[in-house]
Colleague: 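Let me begin by handing over the structure; questions about it come next.
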Amino acid sequence: MIPVLIVLNAGSSSLKFQVFDMVEGTEPRLVWKGLYEGLGNDAHFVVRHASGVDLDEKSWTSKDSFGHEEALMHLVSWLREHQEGRKPMALGHRVVHGGETFSGPVLVDDTVIQKLEALVPLAPLHQPHNLEPIRIVRRRMPGMPQVACFDTAFHHSQSEIASMFALPREMRQRGVRRYGFHGLSYDYIASVLKDYDPHLAKGRVIVAHLGNGASLCALKEGASVATTMGFSALDGLPMGTRCGAVDAGVVFYMLREMKLTPEAAERMLYTKSGLLGVSGISNDMRMLRAKAATDDNAKRAIDLFVYRITREIGSLIAALGGLDGLIFTAGIGENDVATRAEVIAGLSWAGLSLDEIANRSSGPRISSGSGPAAWVIPTNEELVIARQTRSILGATQAKLAS
Ligand code: AMP
């Protein structure tokens, strides 16, 4: 019997999953990955083999009231039918916010759930959806170990100063500070840097996680020293639909002068801004690139995105005291040749220089010359969750055995 881990990433109407074989002494090995979309409405399930081959799919209509609980139960029975000598040992969950309390992954119990619920006000749009499958599994499969893995935890290595806002002290005591996100992605990049460039693993590196959500992280010897996201996942770079950093005065203007409710203001900043808001066309970089030659608004949205990335990299170079390498990752970072070229062109002052041919084939090394190196490294947040879940499980079993 091969023990397996199930990794879950739950959103408001979606549930992404990956299933990993756990073979002693090797990395968790991906077997299947899939997705439930349109939960609570017209839901759709698709699952692929690790090789990319489609294995199965199914749809439900809104009459079936197929939500997160039904999806989880469907997944369990799908796994039972296809398990081929495998046995689920634990679930690892992506949880956006671990607050000040959780500086690493944690085995879930009732006290942990209470602590995670107390963090909902810090991430009201994401945390409740992340917690829902944890509660469902606790109710429907009470003996199944579950591990919560946090997007914030990787940034606990930052100094107090790097994590502060210049607000009155009592605000910090309420937990109002910079947390930073995308930590599972940065953890993965830090873990594989030595395989690409051993010099960088010990050096000053900026990782650009450029996807629908986007942020930058400054790594010194593999540890986070600064990042562009702060208290919430709104801060820093413009994103697909999120605004990135705006003057807090804009929010007062929206509430006081425009008479928006806090919910309407929040909706605008999270879902109607960024590439979508500026272009008025789409949050999808592929679409904007296709239109940029003929549409000024598409071009302006991309130009602002690249300008903000370049400026924020300048700020992180100051936080690091120099730069040895720049890593591009996530959907845009891994695939958009033009964004990489434009960002590197904007950093020629820092000694970066592009190898155009390598860039066209995604390198992985895309820099030339003797300045800082630039690499394209695909991220793998689910593998980090699988690794963390296994290590918590191992530690728990060792404690029980002693
Ligand atoms: P992610 O959130 O990491 O899945 O990234 C999503 C973003 O990556 C979207 O803006 C996509 O348009 C962008 N993306 C994915 N593939 C490509 C591609 N081949 N070229 C340009 N952008 C891409």
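What's counted below: heavy atoms across the whole structure, side chains too, no hydrogens, waters or symmetry copies. Both counts, for ligands and for their atoms, begin at 1 and track the order of listing. Count residues from 1 along the sequence.
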Colleague: Does either side chain, that of H155 or that of S224, offer a donor lying less than 3.5 Å from an acceptor on the other one?
Modeller: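 Note: H155 and S224 side chains meet the donor-acceptor criterion.
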Colleague: So for ligand 1, is D336 a polar contact partner (N or O within less than 3.5 Å, distance only)?
Modeller: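 No.
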Colleague: Quiz question: by atom type and distance under 3.5 Å, do the side chains of R242 and T271 form a donor-acceptor pair?
Modeller: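 No, T271 and R242 have no side-chain donor paired with an acceptor closer than 3.5 Å.
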Colleague: What is the nearest protein non-hydrogen atom to atom 7 (C) of ligand 1, stated with its residue, atom name and distance?
Modeller: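 For atom 7 (C) of ligand 1, the nearest protein heavy atom comes out as I332 CG1, 3.8 Å.
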Colleague: Tell me which protein heavy atom sits closest to atom 20 (N) of ligand 1, plus the residue, atom name and distance to 0.1 Å.
Modeller: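 Closest protein heavy atom to atom 20 (N) of ligand 1: R286 CG, 3.6 Å.
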Colleague: So H82 and W78, would you call those rings parallel, tilted or perpendicular, with 30° and 60° as cut-offs?
Modeller: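 Taking W78 first and then H82, their aromatic rings lie parallel (interplane angle under 30°).
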Colleague: Classify the ring geometry between H74 and Y36 as parallel (under 30°), tilted (30 to 60°) or perpendicular (over 60°).
Modeller: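 Ring orientation of H74 relative to Y36: perpendicular.
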Colleague: Looking at F165, I want to see if its CZ is surrounded by more than 12 non-hydrogen atoms of other residues, nucleotides or ligands under 6.0 Å.
Modeller: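 Counting neighbours around CZ of F165, more than 12 heavy atoms of other residues, nucleotides or ligands fall under 6.0 Å, so yes.
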Colleague: State, to 0.1 Å, how close M164 and R172 come at their nearest heavy-atom pair, and which atoms those are.
Modeller: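 Heavy atoms only, the tightest pair is CG-NH1, 3.6 Å.
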Colleague: Check G92 against I385 and note the closest heavy-atom contact, atom names and distance.
Modeller: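 Distance-wise, the nearest heavy atoms are C-CG2, 3.6 Å.
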Colleague: Among all protein heavy atoms in this structure, tell me which lies nearest to atom 3 (O) of ligand 1, with the distance rounded to 0.1 Å.
Modeller: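 Scanning the protein heavy atoms, the shortest distance from atom 3 (O) of ligand 1 goes to G331 N, 2.9 Å.
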Colleague: Taking non-hydrogen atoms only, is L275 closer than 4.0 angstrom to ligand 1 via side chain, backbone, both or neither?
Modeller: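 For L275, there is no contact with ligand 1 at all, from either part.
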Colleague: Which of the numbered atoms in ligand 1 are under 4.0 angstrom from any heavy atom belonging to G211?
Modeller: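 What qualifies from ligand 1 is 1 (P), 2 (O), 3 (O), 5 (O).
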Colleague: Atom 10 (O) of ligand 1: which protein heavy atom is closest, and how many Å away?
Modeller: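 Result for atom 10 (O) of ligand 1: M285 N, 3.1 Å.
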Colleague: Does the gap between the ring centers of H97 and Y179 come in under 6.0 Å?
Modeller: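 Ring centres of Y179 and H97 closer than 6.0 Å.
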Colleague: Atom 16 (N) of ligand 1: which protein heavy atom is closest, and how many Å away?
Modeller: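 Atom 16 (N) of ligand 1 sits closest to the protein heavy atom N335 ND2, 3.5 Å.
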Colleague: Among all protein non-hydrogen atoms, which one is nearest to atom 6 (C) of ligand 1, and what is the separation to 0.1 Å?
Modeller: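 Here the nearest protein heavy atom works out to N212 N, 3.6 Å.
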Colleague: Take every heavy atom of N283, measure it against each atom of ligand 1, and state whether any distance is under 4.0 Å.
Modeller: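 Yes.
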Colleague: List the closest protein heavy-atom neighbour of atom 12 (O) of ligand 1: residue, atom name, distance to the nearest 0.1 Å.
Modeller: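 For this ligand atom, the closest protein heavy atom is D284 OD1, 2.5 Å.
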